[in-house]
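Working notes, structure below.
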Amino acid sequence: MPQEMIHPGTTELTYRDAVREAIRDAMRRDDRVFLMGEDVGRYGGCYAVSKGLLAEFGPERIRDTPLSESGFTGAGIGAAMAGMRPIVELMTVNFSLLALDQIFNSAVTVRHMSGNQFGVPLVIRMATGAGRQLAAQHSHSLEGWYAHIPGIKVLAPATVEDARGMLWMALQDPDPALIFENVMLYNMTGKLAADAGPVNIDKAAVRRPGRDISLITYGGSLWKTLEAATVLAGENIDAEVIDLRSLRPLDDATIMTSVARTRRAIIVDEGWRSGSLSAEIGMRMVEQVFWELDAPIGRVCSAEVPIPYARHLENAAIPQVPNIVAAAKAVFGRA
Amino acid sequence: MPQEMIHPGTTELTYRDAVREAIRDAMRRDDRVFLMGEDVGRYGGCYAVSKGLLAEFGPERIRDTPLSESGFTGAGIGAAMAGMRPIVELMTVNFSLLALDQIFNSAVTVRHMSGNQFGVPLVIRMATGAGRQLAAQHSHSLEGWYAHIPGIKVLAPATVEDARGMLWMALQDPDPALIFENVMLYNMTGKLAADAGPVNIDKAAVRRPGRDISLITYGGSLWKTLEAATVLAGENIDAEVIDLRSLRPLDDATIMTSVARTRRAIIVDEGWRSGSLSAEIGMRMVEQVFWELDAPIGRVCSAEVPIPYARHLENAAIPQVPNIVAAAKAVFGRA
Amino acid sequence: MTPPTDKPRLSREHMLGLLKQMIRIRRFEAKCAELYTQEKIRGFMHLYDGEEAVAVGVIPVLEKRDRIVATYREHGHALVRGVPMTTVLAEMYGKQDGCSRGRGGSMHLFDRATNFYGGNAIVGGGLPTAVGLALADRMRGDDSITACFFGEGAVAEGEFHESLNLAALWGLPVLFVCENNLYAMGTALAISESETNIQRKAACYQIASEAVDGMDVIAVEAAARRAVQAVRETRKPYFLECRTYRLRAHSMFDAQLYRDKAEVEVWRHKEPIVRYQGWLEANHLIHPEDLARMESEVAAEIAEAVAFGEAGTWEPVEQLTRFTYAEAAAQADR
Amino acid sequence: MTPPTDKPRLSREHMLGLLKQMIRIRRFEAKCAELYTQEKIRGFMHLYDGEEAVAVGVIPVLEKRDRIVATYREHGHALVRGVPMTTVLAEMYGKQDGCSRGRGGSMHLFDRATNFYGGNAIVGGGLPTAVGLALADRMRGDDSITACFFGEGAVAEGEFHESLNLAALWGLPVLFVCENNLYAMGTALAISESETNIQRKAACYQIASEAVDGMDVIAVEAAARRAVQAVRETRKPYFLECRTYRLRAHSMFDAQLYRDKAEVEVWRHKEPIVRYQGWLEANHLIHPEDLARMESEVAAEIAEAVAFGEAGTWEPVEQLTRFTYAEAAAQADR
Ligand SMILES: Cc1ncc(C[n+]2csc(CCOP(=O)(O)OP(=O)(O)O)c2C)c(N)n1
Ligand SMILES: Cc1ncc(C[n+]2csc(CCOP(=O)(O)OP(=O)(O)O)c2C)c(N)n1
Ligand SMILES: [Mg+2]
Ligand SMILES: [Mg+2]
């Protein structure tokens, strides 16, 4: 994280704190909002996100659930259909697979299938990603995979500002929204205006403007990609870095504008390569700006392997700064 | 289906019968093989695939299960780990979401995570696809989505021959294999050599050779694509049709050889467009034969909507012959 | 036949009403079967013949503000709840005049006006929804209750277990109604449950329960009254097992290899309409004219529904992706 | 302390062996905690302090041909089962000499040689596997049984319900061992189950069961003997609830806000090692030299394991994707 002076009216806080502030703020503003999930209350959240909220809001609105992912996600769906605004925390994306039937067959089908009579204004938050040596069953990166499903929105806040600001907008959305919080970001600190609040969730953000190549990424990979851009700058490659922020829908306009200008692109995606979101983004470039491309589009993704525990193997399995740098240089035919 | 004379030593049968023959043959050849799933026994299978097998093999090996997708899929995993060769039938892909945790977190992780001490030689069969007016919860096409997961193989038999021949090879595979049977194919008839048996599962098949454009598809869309190729032939476009057969791993060689020659490609995929397998295939072309491409790659996919019940809407939601023809002509700049 | 215990409510009019509702469902289902063979109705369709006493016994006991969650075998529930037969049938025709705009079909009847939260084609899939609806009511302090219907096949699903536990643990006003018709498609109860006494499942979660002869509409209604009152007053879940039987095939694709014709015949003698009608006759509570009137009213209603379905229009194909997400106006509305 | 009922087997040697196994686990866990703070071990790690009597009471009762399925809190189970401490520790170091090649870590100890089917980091995820292992044994007519360990938190998962039903319905030789330590992370039992008597769950599936004081190794062993015998003879499942307590935090990241220090203190007095040792002493079954010898043997074993872990080598990074799928040789081998 770039270290800068904290301006007056600015606070420095962690991504974790920013998520907590977002929940607290939403709970205060709208009494239909409540948080429900495993260990969100007494334990304070498996990543300490909801610490302190039980004391402030009580056990009805900071609702500890049994280990019943399908059951309580479905309960969130029902409560949302009846007019509440639940935030379901699924702890981590790894456990969300147990709730997938409810998400896929109930939450996302109801509006269309009922001819718009019922909707599911539900927010589901979960941690995602590898990097903490938690091994194969606890290191999935499936946010891009979820983005395949019509009927949901998929958000991936990468900055403290977005961690603070996306939740409220997601709660305003009349349809189910999934928010993926990369586990490697919780301890990251960043600056936030003291009056920071909701942020738009429609547009991708250009986190670093550049002329020579577009590096497109999201979530936990944003910071690695920015670091790679700095390295590339040292090699006279001026990279533009785009943070997708929303994985469904994708903001094609921002992506294509950038690529049409730089004429070269790399997509950095922590999902397994085959069938990852990176493929969709690349394919859209082919469909929309094929004639503008000066070189094949590059991808930096995770190796196609259940993420191993050993640190060196895990590191090798997921995108790292040198891989991004190398991929970008390869586009320019440089080794 | 093209209607031809049945040669001596050739039988004509349905896709359904071919799957049944494959199961019967496997059960006879290897007593570690058994079939388990909802209504596979007394009911005869929800699509009548297993009709008659209970009488031949008895209720231990043609095992009716309760409605417990996660439980009996997991039981298949355990039985496979202990040396059996279970065929789990998940009725339809729509219900497989209830078993996804077992598939994703157990079946596919065990070999790598245990350092190759244990493997899961399990075959999971399920029906997939839309087209029977079964509405949103019963019309998913997720085989391409499943192909994202490392550790499994994903097969999509599109012909009677493959329906008959893929199962045995999948059972020989020491790793979990998912076989997706498109619901629209069960009643299709085809010819089969009387001594037809296992077929390779490694290679894509060129179902129609052609010079001008490669149409790449699999499963239920194969027949629509072949029909489109016939239409295109009438417009002087000589299309090559490739049936992927295996969605994971993909046979890049066959795809790229074709595209490098025709220099144009359309991918036909019944999955929802965004994040469908079509994106991965297109992206691989960009990565591997970018400089050979004379035109942007086209995609014909499903509309991004829960599949509706009404026939005209369902038809409009999924790829049809005219869409394929139009997409192919568009590549040539023709309307 | 269970003698009516709650006399004052069981006016003759009320008693005839029960019969009429059952006949209404039975005749409607017959028409659906006919329309299915004519290919006016497509997809999967599951008829309710034999089980009418359940929906008819339970649903009228609910208040308008209460909520209902049903399964794919829900024509009867929708009709008894007051979803117009016209829009139910138009739905199966796939017309935009249908109660789900023609997008749901037989398995997905929805109706906001009557708090009918849909047919659900995933076995067990509706139970968590019901828990959530009741949770919303609890959190807001509303006194609505949610009735959740499901078959005995759903009991094997993990979601059954999770939902009952959550409802009991959190004290949620859900009336779980298990329609135990002894088969899940072709799977007999004994092949699906190690404990075949379904009512006992409730005790595992400390949920009050009752099992009732689901072929006896008076008994079902009396049990439903007790159940609804208990949920309304205690704000806790209640489990009602209705022991019934499906007289027809599971769906339109079922050759019924898994059960004897003789077994079906035995149950045919217990079926709720003939039985209840016989009881009414024996007690001189019904006259042939009453029956004739009912039949003709039902026939007229069905004829009207068919005409409505036939006259209905197709949603323009341009609207295919509409309401995958809410529209701006709908957003403001929510 | 439960007096030993099965005298002949409870030779003094055997009794000391139980103590030694418990001490072995306790000291091993302490070393793991130390290595964790030194960052030699990473990831999630869940220690077994306070629950030793469960693994030590149950596992030695099993035969070599039997199978074991465990959870992420499985160091103790692996050690008692005979997975070498060296390879267990090397696994946590992430070295290729580890019992899972360094790819699994603390939560995923696997060992084919001892039929140890792994730690599983998905709560409830191991239960269906156990059902399947037992199904294979049943179908082949083998007389092995499968012991499946899980916490009381897993009882809320749908997979618990589906697995118990399948095991009972199909008559499968599974010994379900619930380690009820009263908490699932920070969630107390009463916040997770409407019926807090876990043993009763078994009855819902017609599974024979017993609840035992899980802090009393003799009692656990006696119950395990009854259980194993029942499974072996009846070829049906059995449910053993071991009531225990976790003395440490859930994992290395847990501030334990959800329980009082006082509560932990109360349980510390019931903890299995001190209690059993005291009983052995009171009955003059152990001498100070015995204890000293045990401690020094355990210390030596741990030292050896640490040395082994330290000396272990890293799997070459080129092998990262190896065994995502089987290799040709492995195929032939299977
Ligand atoms: C999760 C799931 N698995 C399988 C099916 C296929 N299926 C549809 S209905 C049915 C039987 C359900 O039986 P039951 O719950 O007893 O209800 P009934 O049909 O008897 O009313 C099955 C297996 C499904 N729809 N959903
Ligand atoms: C399906 C799933 N949900 C959530 C988690 C996170 N988690 C890990 S351990 C645990 C508590 C489990 O408690 P219990 O089953 O009682 O076992 P114990 O840790 O007490 O031994 C939770 C919630 C998980 N690993 N898997
Ligand atoms: Mg039934
Ligand atoms: Mg516990």
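What you see below is based on every heavy atom in this structure, not just the backbone, and it leaves out hydrogens, waters and symmetry mates. Proteins come first, then strands; the chains are lettered A, B, ... in the order of their sequence lines, and each starts at number 1.
- Taking the six-membered ring where tryptophan is involved, the planes of B:W145 and A:W145 are essentially parallel, since the angle between them stays under 30° and well short of 60°.
- Formation of a donor-acceptor pair under 3.5 Å by the B:E270 side chain with backbone atoms of B:S221 is not found in this model.
- Between chain A and the residues B:I103, B:I281, B:T109, the largest count of heavy-atom pairs under 4.5 Å involves B:T109.
- Across A:G151 and A:D175, no two heavy atoms sit closer than the pair O-CB, 4.1 Å.
- Both the backbone and the side chain of A:I297 have a heavy atom closer than 4.5 Å to some heavy atom of chain B.
- Across all non-hydrogen atoms, the minimal contact from A:D173 to A:P121 is O-CB, 3.7 Å.
- In plain terms, the two heavy atoms of A:S274 and B:R248 that are nearest each other are CB-NH1, 3.7 Å.
- A donor-acceptor pair is defined here as one N or O able to donate and one able to accept, closer than 3.5 Å; such a pair exists between the side chain of B:R245 and the backbone of B:K203.
- The interface of residues 284-291 of chain B with chain A, defined by heavy-atom distances below 4.5 Å, comprises B:R284, B:V286, B:E287, B:F290, B:W291.
- Counting heavy-atom pairs closer than 4.5 Å to chain A, the top residue among B:P249, B:A295, B:A303 is B:A295.
- Judged purely by atom type and a 3.5 angstrom limit, A:T257 uses its side chain to pair as donor or acceptor with the backbone of A:A253.
- Residues B:I267 and B:G282 approach most closely at CD1-N, 3.5 Å, considering heavy atoms.
- Taking the six-membered ring for Trp, B:Y218 and B:F180 have ring centres at least 6.0 Å apart.
- Using non-hydrogen atoms only and a strict 4.5 Å limit, the part of residues 131-144 of chain A facing chain B consists of A:A136, A:Q137, A:H140, A:L142.
- For the side chain to side chain contact (heavy atoms under 4.5 Å, CB included) test, residues two or more places apart in sequence or in another chain that qualify with A:C301 are A:D269, A:R273, A:S276, A:S278, A:R299.
- A:V331 and A:P296 make their closest contact through CG2-O, 4.2 Å (heavy atoms, listed as atom of the first residue, atom of the second, distance).
- For the pair B:S246 (side chain) and B:L155 (backbone), a donor-acceptor distance under 3.5 Å is absent.
- When every heavy atom of B:V300 is checked against every heavy atom of B:P319, the shortest pair comes out as CG1-CB, 3.8 Å.
- Judged by distance alone, the side chain of B:T128 and the main-chain N or O of B:V93 form no donor-acceptor pair under 3.5 Å.
- Within residues 304-314 of chain B, the residues approaching chain A closer than 4.5 Å by heavy atoms are, in numerical order, B:E304, B:V305, B:P306, B:P308.
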